[in-house]
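Beneath this line is the structure, given in structure tokens, with notes to follow.
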Amino acid sequence: MAGHHQTRGILGLEGGGTKTTWAVLTPDEKIIARGEAGPGNTLLLSDPAFEKLLRAIRREAGPDLTAIGGAFAGCQLPDEKKRVEKIVRRIWPRAMTVHIMEDTRSVLAAAFGDGAGIVVIAGTGSNVAGQKSARDPVEKAGGWGHLFADRGSAYDLARRGLEFVYDQFDRDKKISILAREYLHAAGKSSLEELVPCLLRDTSKTVVAQWAKCVFTAAQKGDRNARRLLDETAGALAEKVSYVARRLRLASPQVALTGGLFENQSDYVACFQRALRRASPRGTSFLLTVPGVFGAARLAGLKSIPPETKISEKGKTIADPARLAAFARAATEQRNPRSRGLDRRSIPQLVDLFIREERHVEAALRAQRRPIARAAALVAKKLTSGGRLFYVGAGTSGRLGVVDSSEMPPTFNAPPEQVQALIAGGPPAVFRSQEGAEDSRETGVAELRARGLTKKDIVCGIAASGQTPFVLGALVYARKIGAGTILLSCNPRRSLRVPVDVAIDLPTGPEIVTGSTRLKAGTATKLVLNMLSTIAMVRLGRVRDNLMVNVQATNDKLRARAVRLVCALTGRGEADAQAALEAQNWRVTLATEALKKRSPRPQHAHKERIGHI
């Protein structure tokens, strides 16, 4: 919700490394407004940066508030709390109460109010924290970061799972169920091939995405995967016992929160079994109240409204307006030309598919100008040393992966020059990751982990034009000054974000309603072909229309390299192959080497150029 609000209310703030959530409530517990802003780890923000963040929230939440509860990552030491409070009071000078705390306080308040209890956070990272009351110090165990293992986190599970896989392979050369899950997720056929894929990005967020492989393998009966789940859940339960002992809680109540608990019921069960061993009198439950309302509670909110709760799977219940926007999308409409699809013969179906492809060319022609502007912008950014990031989910994300993966072998481009980010990470390339696309902040985190700068450009790919993962990434890219392109197949999209170029392809309804891997997918791939290929042409990685920077990594490509050198120099195949072998099969280097030896016969070049 946006806009100024005249009713004086209580503001709750919860700032973390990825985002800051906020909500304004009346004293009688009615929600006036709520929203999200940029990262809020105060240790990583200078005074001007933190003030800028709060001013952005003030524009939405309003200037006139009675009380503010602010919970921020990094805000633990007294001096840091004083610094933060001073800035908050400068932004909202009329607030009578300002209560600043570390972020675990807000989660504890959301779960237990003023009472005693312990929270276990298990997502990308992990942490265990507890309180005797809201007035007493917080006792913590863990949460030191992945450099210190972050036991029980998704990062810990993924990394240790890989350790099990390679240890077993070293021992007996066996490919376990768990190993097959990692290979399947990466689209690789051997553990040797998997290594460079894993090492391409070892950031905490990316590594954590492989944790899904451990859960899938455990469900299929892999003993190491089951053992790993039990061990990591047990490590969290042990930390609960440490905190409970220090707090002198004989029968601790334990609230579970974070992506692993919210999305993996098996992990909840593993933890509950471990808790019975570590703290026999302890009880646990899944927390369904966002921490931002806990912050408001500590600032004076008497109770938390029921509508703040999240669903059993831990996802915010979809906004009706957003659902309506999806329903109106051109790609979600029924195609009158494909009615009775299930009653048609195979030849009739083939004819229908061929006829429908006409709409792809028409859609591309209709968007010729914005496609050209987008191609020029990509070429400009890459020529200046920037990078191109494709961001998408599902089919759109996979199309980005396909196009980016072809840049090194086709044009000898550095792998980091064109990258693809898909919601759900590498496993989503081969297996659908439900719900991964619904988080704006995840798209932001992916770009931040790759060090996006204003030299780069982000191309958001979304058939509906409304995917939160994509829109969040585009908003972030725009904020830091990077180039932005949105590629959709929905000219009627209502959820709009400011971008440098918007390409809305009018491909129309699909043969199978909503299946955007069909016409929308075809049109999208053609646009990606244009953006990347035109950029590579402008970068000088193509000579005439020849693939002179091809990486000759197999017999077919080595044969092509020989033909290229022959065509460019007029020399015979034996000379061409010898030159290529001397230059590590680099066509451009082999060509230059042969040119230095003798002039190129022009007639031979013209004769051979058409037979590459």
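Note that the coordinates shown come from a computational prediction; the quantities given were computed from them, not determined experimentally.
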Check: Pro491 main-chain N/O paired with Asp504 side-chain donor or acceptor under 3.5 Å: no

Quick one: does Thr216's side chain get under 4.5 Å of His184's, heavy atoms only? no

Atom CZ of Arg538 with >12 non-hydrogen neighbours under 6.0 angstrom: no

Any side-chain heavy atom of Ile422 within less than 4.5 Å of one from Tyr390? no

Just verifying a value: how many Å separate Leu531 CG and Leu487 CG, rounded to the nearest 0.5 Å? 7.5 Å

Give a yes or no on whether the backbone of Leu260 and the side-chain of Gln264 come within a donor-acceptor separation of less than 3.5 Å. no

Okay, side chain of Thr467, backbone of Phe469: is any donor-acceptor separation there less than 3.5 Å? no

Donor-acceptor check, side chain of Asn584 to backbone of Arg586, threshold 3.5 angstrom: yes or no? no

With sequence neighbours left out, what residues match Glu361 under salt bridge (charged side-chain N to carboxylate O under 4.0 Å, His left out)? Arg365

Side chains of Ser488 and Asn490: do they bring a donor and an acceptor to under 3.5 Å? no

d(Ser404 OG, Leu388 CG) to nearest 0.5 Å is 8.5 Å

Do you know which two heavy atoms are closest between Ile457 and Leu382, and how far apart they sit? CG2-CD1, 4.5 Å

Atom CD1 of residue position Ile346 - does it have more than 12 heavy atoms of other residues, nucleotides or ligands inside 6.0 Å? no

How about Arg543: does its CZ atom have over 12 heavy atoms from other parts shown lying under 6.0 Å from it? yes

Leu505 versus Val527, closest heavy-atom pair with distance: CD1-CG2, 3.9 Å

Give the intermediate values and the outcome of side-chain contact (heavy atoms from CB on, under 4.5 Å) for residues Leu452 and Val458. CA-CA 9 Å; Leu452 186 77; Val458 174; 3.8 Å; yes

side-chain hydrogen bond (donor to acceptor under 3.5 Å, both in side chains) partner of Asn335, chosen from Glu510, His359, Glu356: Glu356

Donor-acceptor contact present, side-chain Ser345 to main-chain Gln348, <3.5 Å: yes

I need the minimum non-hydrogen distance between Ser532 and Asn529, along with the two atoms involved. OG-O, 3.5 Å

Taking Lys381 for the side chain and Lys454 for the main chain, is one N or O donor matched with an acceptor at less than 3.5 Å? yes

Correct closest heavy-atom pair for Val587 and Val550 would be CG2-CG1, 4.2 Å

Would you call Ile175 and Leu183 a side-chain contact if the rule is heavy atoms closer than 4.5 Å? yes

Identify the heavy atoms of Glu36 and Trp22 that sit nearest to each other, and give their distance. N-NE1, 3.6 Å

Any donor-acceptor pair under 3.5 Å from Asp456 side chain to Arg387 backbone: yes

Just by modelled atom types, is the Phe411 backbone N or O under 3.5 Å from a matching donor or acceptor in the Arg541 side chain? yes

Can Glu446 and Thr442 be said to form a side-chain hydrogen bond (donor to acceptor under 3.5 Å, both in side chains), step by step? CA-CA 6 Å; Glu446 291 285 358; Thr442 303; over 6 Å; no

Could you check Glu332 against Ser464 for side-chain contact (heavy atoms from CB on, under 4.5 Å), going step by step and ending with a plain yes or no? CA-CA 8 Å; Glu332 292 297 320; Ser464 69; over 6 Å; no

Would a 4.5 Å heavy-atom cut-off, applied to side chains only, mark Val565 and Glu573 as touching? no

Could you go through Met407 and Gln417, starting from their C-alpha distance and side-chain angles, then the distance that decides it, and tell me whether this counts as side-chain contact (heavy atoms from CB on, under 4.5 Å)? CA-CA 9 Å; Met407 295 304 103; Gln417 190 171 47; over 6 Å; no

Arg571 and Cys566, any side-chain heavy atoms less than 4.5 Å apart: no

Short side-chain to backbone donor-acceptor contact, Lys519 and Pro509, under 3.5 Å: yes

Kindly write out the residues that satisfy salt bridge (charged side-chain N to carboxylate O under 4.0 Å, His left out) with Asp342, not counting sequence neighbours, or none if the list is empty. none

Taking the side chain as C-beta and beyond, is there a heavy-atom pair between Thr395 and Arg398 under 4.5 Å? yes

Are Gln583 and Thr591 side-chain neighbours, meaning at least one heavy-atom pair lies under 4.5 Å? no

Side chains of Glu592 and Thr588: do they bring a donor and an acceptor to under 3.5 Å? no

A side-chain contact here means heavy atoms from C-beta on lying under 4.5 Å apart; do Val512 and Leu341 qualify? yes

Under 3.5 Å, is there a donor on one side chain and an acceptor on the other for Glu581 and Gln577? yes

Those residues that, when tested against Tyr155, pass ring-ring contact (aromatic ring centres under 6.0 Å, His included) (two or more places apart): His146

Whether the side chain of Asn412 engages the backbone of Gln551 through a donor-acceptor N/O pair (distance < 3.5 Å, no angle test) should be reported. no

Indicate yes or no: does Lys220 engage Glu181 in a salt bridge with an N to O separation below 4.0 Å. yes

So Arg493 and Leu486, side-chain contact (heavy atoms from CB on, under 4.5 Å) or not? Walk me through it. CA-CA 12 Å; Arg493 59 189 170 86; Leu486 175 59; 3.6 Å; yes

Look up atom OG1 in Thr524 and atom CG in Asp403, then write down how far apart they are to the nearest 0.5 Å. 11.5 Å

One should read off an interatomic distance between Cys459 SG and Ile485 CD1, to the nearest 0.5 angstrom, of 5.0 Å

Starting at OG1 of Thr569, measure out to NZ of Lys596 and round the result to the nearest 0.5 Å. 14.5 Å

Charged tip of Arg448 within 45° of Tyr476 ring normal and under 6.0 Å: yes

If you look at every heavy atom in Leu191 and Ala179, which pair is closest and at what distance? CD2-CB, 4.3 Å

Quick check: are there more than 12 heavy atoms from other residues, nucleotides or ligands sitting under 6.0 Å from CZ of Arg334? no

Inter-residue atom distance Arg558.CZ - Arg563.CZ, 0.5 Å rounding: 13.0 Å

